[in-house]
Amino acid sequence: MVNNMYDIKTLENLNENELKDFFESIGEKQFRAKQYFQSIHKNKILNVNDMTNFSMDLRDKLDAYNRIKNCSIATRIDSKLDNTKKYLIEMEDGNIVETVFMEYKTHTTICLSTQVGCRMGCKFCASTKKSFVRNLEPYEMCAQIYLVEKDLNTRISNIVLMGIGEPLDNYDNVVRFINLITDKNGQDMSIRNITLSTCGIVDKIKKLADDNIGINITISLHNPFDNERNLLMPIGNKYSIDEILKACDYYFQKTKRRIGFEYTVIENVNDSKEYMDRLVKLLKDRNCLLNLITLNPIDEFNQKSPSKGKMMSFMKYMNDNNVNTTIRRKQGVDIDGACGQLRINNMFDRGVR
Ligand code: SAH
């Protein structure tokens, strides 16, 4: 039987075996499970009423459990500089999240949200400013991909969980989503092409390793000194940098996946030689990739972004000292509200405070 919280409320949260139990429980043949799963996750027929291989009667029966059809694109903003597109996706209950589509020479990437709002409280991040509303369910993460693929008539090859929310603060839903999206009978996404970004929830990094999920992880570091990092990122008060690095070592041992580190460079805050040297010390003997991000200034965080020259010299210094380092390419700079800003602006437009 379907024995968890997904208990027949939403068919798009269920894997094929669970769907089999569901169809059996309503007196239908088990082969319906594969048909339903493929219709949604492979063919992107999101509304059961469009599934012509089901009788009208059966469609009526399934209608209330087919919730992915209630997700929709509220807004799309196209970059004029490249093919980046930012979406606001509206959920059944009216909550909206941001989803970004990016096109590269060799692949396409979608940046997904995992929560409505965020409770981590990082000082520089817009996603957390209007606090936390709720976790997204697995089907709401799938919906972000399927709606964008249908809108652009394309197939997305890579996923980054770097939109609104802290994915490891919504662990069960995120893992269930990953299992759904990598299912051979559905989207069949390669696990190697999925990257999860976290502010460093150590217990959950270890759990990801133990659960043998096999995705790539990247850690939002942003400052190599605990006392300063804690001021920027309150989660640091719970887990020190040393504990995070140990969890990363454990993750690497178990999965052999190279760990990423993100470092948002903030002018005159974390960009001097002292910081670079400390970073070198922390990262130089690790199989990792450091990704420098230019601060995207937001109103609530009164700091400046560094010049391009500063970013280049930071990167060079790190590479010269044996830390593999890149600068995150800016996609769609003309529409590049910082992560979470679009949603907040939209809330104000709608009069939500
Ligand atoms: N909660 C996850 C995903 C967040 S978004 C995490 O903390 O990793 C992805 C990255 O963008 C994180 O590294 C985050 O710290 C960074 N970020 C958030 N706001 C930013 C801003 N205004 N400028 C630059 N980077 C930002």
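Ligands are counted one by one from 1 in listed order, and the atoms in each one are counted from 1 as well. Heavy atoms only: backbone and side chains are in, while hydrogens, waters and symmetry mates are out.
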Where ligand 1 meets [X] - atom numbers and elements under 4.0 angstrom, heavy-atom basis:
X    : answer
F124 : 15 (O), 17 (N), 18 (C), 19 (N), 20 (C), 21 (C), 22 (N)
C199 : 6 (C), 7 (O), 8 (O)
C125 : 18 (C), 19 (N)
G165 : 1 (N), 2 (C), 3 (C)
M162 : 5 (S), 9 (C)

Taking the six-membered ring for Trp, is the centroid-to-centroid distance between [X] and [Y] below 6.0 Å?
X    : Y    : answer
Y65  : F22  : yes
F225 : Y275 : yes
F314 : Y263 : yes

Shared hydrophobic cluster, M312 / L295 (ILVMFWY, side-chain heavy atoms < 4.5 Å):
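Yes, because M312 and L295 connect within a single hydrophobic cluster, where side-chain heavy atoms sit under 4.5 Å apart.
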Are any of the N/O atoms on L161, whether in the backbone or the side chain, positioned under 3.5 angstrom from an N/O atom of ligand 1?
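Checking ligand 1 against L161, no N or O pair falls under 3.5 Å apart.
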Any N or O of N296 closer than 3.5 Å to N or O of ligand 1:
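So ligand 1 has an N or O lying under 3.5 Å from an N or O of N296.
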Record the part of [X] in heavy-atom contact with ligand 1 below 4.0 Å; permitted values are side chain, backbone, both and neither.
X    : value
I219 : neither
E262 : side chain
H222 : side chain

In sequence, state the C-alpha distance, the side-chain angles, and the governing distance for N185 and E16, and then conclude on side-chain hydrogen bond (donor to acceptor under 3.5 Å, both in side chains).
CA-CA 9 Å; N185 288 330; E16 221 176 289; 2.9 Å; yes
If you round to the nearest 0.5 Å, how far is CD1 of I213 from CZ of R257?
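The CZ atom of R257 sits 13.5 Å away from the CD1 atom of I213.
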Kindly indicate, with the supporting measurements, whether the criterion side-chain hydrogen bond (donor to acceptor under 3.5 Å, both in side chains) is fulfilled by E12 and Y146.
CA-CA 12 Å; E12 298 81 36; Y146 303 164; over 6 Å; no
